[in-house]
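A short worksheet on the structure shown next.
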Amino acid sequence: MIYENGMIINLFKIGKYLQEVTSKACKKMKISHVGLMIIGISATREINVSQLSQELGITKSAVSQALVCLQVKKLINKVASPDNKKSFYIKPTEKAIELGKEIFDAHMVKFLQIKEELGEEKFLMFFSLVQEINKIIENDK
């Protein structure tokens, strides 16, 4: 039991650190966490509202509201799907990519310190395990 409690507490501390750094950066950039995630996800692949809703675990309405805010700030564009004229996918603007990079770079200082102290092998193993854990969690939803 003590082991499990310690593990939960340590995971909480990691999550809290990531949330604090991200919150500061989002506040500075005047975008929401959801907006940041939309920029990050849409920068890696073509994605639509339904897919964003599913991936982020929020309603389509919440995604649409975030998209309106991002459009007003000229951080995303809606691009018509070549297959279906009624459908569109989200594409971040260059401004959004720069903002996202600045926010994610805020985390890199700590990640590089962790990588240096753990060594590359343990560092990469950790992120590999995090990806596997996220897949398990997503499959349970």
Report yes if the side chains of [X] and [Y] come closer than 4.5 Å at any heavy-atom pair, otherwise no.
| X | Y | value |
| --- | --- | --- |
| L75 | I38 | no |
| V21 | K110 | no |
| L112 | E116 | no |
| S50 | K60 | yes |
| L52 | I90 | yes |

Measuring from atom [atom1] of [X] to atom [atom2] of [Y], what distance do you get when rounded to the nearest 0.5 angstrom?
| X | Y | atom1 | atom2 | answer |
| --- | --- | --- | --- | --- |
| T22 | K24 | OG1 | NZ | 11.0 Å |
| Q51 | L56 | CD | CG | 11.5 Å |
| S32 | K27 | OG | NZ | 13.5 Å |
| I31 | H33 | CD1 | NE2 | 9.5 Å |
| K78 | S42 | NZ | OG | 12.5 Å |

Judged by modelled atom types alone, do Q19 and K16 share a side-chain donor-acceptor pair under 3.5 Å?
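No, no side-chain donor-acceptor pair sits under 3.5 Å.
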Over all atoms of both residues, closest heavy-atom pair of [X] and [Y]:
| X | Y | answer |
| --- | --- | --- |
| F111 | F123 | O-CE1, 3.4 Å |
| T93 | N77 | CG2-ND2, 3.5 Å |
| F88 | N48 | O-CB, 3.4 Å |
| P92 | A96 | CB-CB, 3.9 Å |

Between [X] and [Y], is there a shared hydrophobic cluster once you connect ILVMFWY residues whose side-chain heavy atoms come closer than 4.5 Å?
| X | Y | answer |
| --- | --- | --- |
| I97 | L70 | no |
| M108 | L118 | yes |
| L124 | I114 | yes |
| F126 | L11 | no |
| V130 | I41 | no |

If only atom types and distance count, is the side chain of [X] paired as donor or acceptor with the main-chain N or O of [Y] below 3.5 Å?
| X | Y | value |
| --- | --- | --- |
| S53 | I58 | yes |
| E20 | Y17 | no |
| K73 | K30 | yes |

